[in-house]
Amino acid sequence: MKNYLTALISESAIRHNIAVLRGLIGHDVKLCPVVKDDCYGHGMDVLYPVLAELADGFAVASPTEALDLRHRGYEGFILCFLSAYFDDYDIQDELVRQGITQTVMSKSALASAQAAAERTGGTAPVHLKIDTGMGRLGVPARQAADMVTTIKETPGIKLTGIYTHFATADEVDKTATVEQLKIFKTVWPVGGDVIHHAANTAAIIDLPETHFEMVRPGIAVYGCHPSEQLHNRIEFKPCMSVMAKLIAVKHVPKGSRCGYGLTHEYDRDSRVGIVPIGYGDGYFRNLSNKAVVRINGMDAPVCGRVSMDQMTVDVTDIPDVQVGGEVEIISSDPAAPNSVENLARLADTISYEITCHLGHNMQHVLVD
Ligand SMILES: *Cc1c(COP(=O)(O)O)cnc(C)c1O
């Protein structure tokens, strides 16, 4: 971790986003934020206390992420999307002891949960995942009924939920999503106190009929939109800004070049700043010669290629630039050229990838 790179995480933005999401769902619908990959790179250390107070549960990808939440003291509902199939027995067993809800998406996943229940003498709560068209994890819908029966007959296992995941909910054309929804509904009813859930952020925004008893928002919690197509329909507030400090400032004569491949040439006598962030810190290399950072509120273009641990920015037009000066790598203002969404556009990716990559090498600090 580099303590000269700081991600400032706004508590009020998180509270705002959760309130907006709550406003979109019914009062009795549970809100279960998805906090996989260290809260999409925003930092579980700072976000846990805020989210634990606001959420009805948490969804994570891996068993170790689930156990981490218990170690932080979380006593509520935790859903783990992946199977513990490849984890050591002590992790598999701990999931059962800690009452963490595992996903069953295959007979092998069911068998490993059952074995852990047997070893610990406990009961493993599970949610069955149905593949309704995403073609990723999940039991094919036509096998769902059989699987439900099998799960119900398996000792040590308690079926508490059934869910699916949408492939195209973030597109304007909802044909495929509506089809997935139709298929999902054919696996009902299951009876008992089994809950159903399907909605990611995009479906929460666009398809109220998918909210059922629980929703699983990820990206909107952190203030970004799930896609360009759903952009600006709802006012989420990006919660993260990323700051660095200039580690050098120097003059370079007209005609000089910079960076690997010497891909940038200065067309005037210039002043440049060196910023200690690079693709090793998750700042995308394909932002080379495209993105800007901001210094004293003004744009400083990234010049030449982004290296592993540093990059060069043009500060010729910015007064009062000094070594040690603050550099805003990511702005929390969605309209800024260095907002997560604008950088995602420039890097030809999605905001999710920008934030996940950026989180790992820096200190996270909770602000207002
Ligand atoms: C990541 C994930 C989500 C959250 O999706 P967003 O688009 O970030 O809201 C929901 N459900 C599952 C199964 C996921 O893997």
Side-chain angles (χ1 to χ4, degrees), residues 14 17-18 20-22 24-25 29-42 44 47 51 54-63 65-66 69 77-83 100-106 109 126-139 161-171 174 176-177 180-181 184 195-208 210-231 233-234 236-240 340-341 344 349-357 359:
I14 295 285
N17 298 332
I18 296 280
V20 169
L21 288 164
R22 288 255 184 228
L24 290 168
I25 61 177
V29 176
K30 290 200 162 40
L31 190 130
C32 181
V34 180
V35 293
K36 60 196 179 196
D37 200 27
D38 202 30
C39 297
Y40 290 35
H42 294 80
M44 181 61 94
L47 281 179
L51 287 176
L54 302 172
D56 299 314
F58 283 110
V60 295
S62 72
E65 289 175 327
L69 282 168
F77 170 78
I78 302 175
L79 172 65
C80 186
F81 291 147
L82 299 178
S83 164
I100 286 160
T101 302
Q102 308 185 41
T103 294
V104 163
M105 71 300 275
S106 67
V126 301
H127 282 196
L128 173 62
K129 179 144 191 205
I130 317 284
D131 178 10
T132 56
M134 173 93 164
R136 205 176 62 178
L137 268 188
V139 172
I162 295 198
Y163 74 104
T164 193
H165 193 43
F166 295 128
T168 61
D170 61 342
E171 294 175 13
K174 294 289 192 274
T177 310
Q180 281 194 266
L181 182 60
F184 186 49
I195 66 161
H196 307 86
H197 52 102
N200 55 4
T201 296
I204 294 170
I205 297 173
D206 254 6
L207 291 160
T210 65
H211 294 177
F212 304 120
E213 292 88 9
M214 188 176 94
V215 295
R216 309 186 305 261
I219 197 74
V221 171
Y222 313 106
C224 294
H225 296 85
S227 70
E228 294 264 352
Q229 295 191 21
L230 295 197
H231 195 72
R233 295 256 306 280
I234 309 274
F236 296 116
K237 286 189 185 158
C239 71
M240 179 167 71
V340 168
E341 289 179 3
T349 183
I350 52 176
S351 48
Y352 303 65
E353 200 183 10
I354 298 284
T355 65
C356 282
H357 279 255

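Scope of the values below: all heavy atoms of this structure, side chains included, with no hydrogens, waters or symmetry mates. Both counts, for ligands and for their atoms, begin at 1 and track the order of listing.
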Any Pro217 side-chain heavy atom under 4.5 Å of Leu31 side chain:
yes
Between Lys174 and Leu207, is there a side-chain heavy-atom distance shorter than 4.5 Å?
yes
Pairs of nitrogen or oxygen atoms closer than 3.5 Å, one from Phe81 and one from ligand 1: do any exist?
no
If we ignore angles and hydrogens, is there a donor and acceptor under 3.5 Å between the side chains of His225 and Glu341?
yes
Evaluate salt bridge (charged side-chain N to carboxylate O under 4.0 Å, His left out) for Asp131 paired with Arg136, printing each intermediate quantity in order.
CA-CA 7 Å; Asp131 178 10; Arg136 205 176 62 178; over 6 Å; no
Measure from atom 3 (C) of ligand 1 to every heavy atom in Thr164, Val34, Thr201 and give the option owning the shortest one.
Val34
Could you check atom 15 (O) of ligand 1 against the protein and tell me its nearest heavy-atom contact, residue, atom and distance included?
Lys36 NZ, 2.6 Å
Closest non-hydrogen protein atom to atom 7 (O) of ligand 1, residue and atom name please, with distance?
Tyr352 OH, 2.6 Å
Where ligand 1 meets Tyr40 - atom numbers and elements under 4.0 angstrom, heavy-atom basis:
1 (C), 4 (C), 5 (O), 6 (P), 8 (O)
For Ile219, take its heavy atoms, then give the atoms of ligand 1 lying under 4.0 Å from any of them.
6 (P), 8 (O), 9 (O)
Checking heavy-atom distances from atom 11 (N) of ligand 1 to each of Arg136, Met134, Arg216, the winner is Arg216
Considering only heavy atoms from C-beta outward, does the side chain of Val215 approach that of Leu21 to under 4.5 Å?
no
If you apply the rule side chain to side chain donor-acceptor pair (under 3.5 Å), what do you find for Ser351 with Tyr40, and how did you get there?
CA-CA 10 Å; Ser351 48; Tyr40 290 35; over 6 Å; no
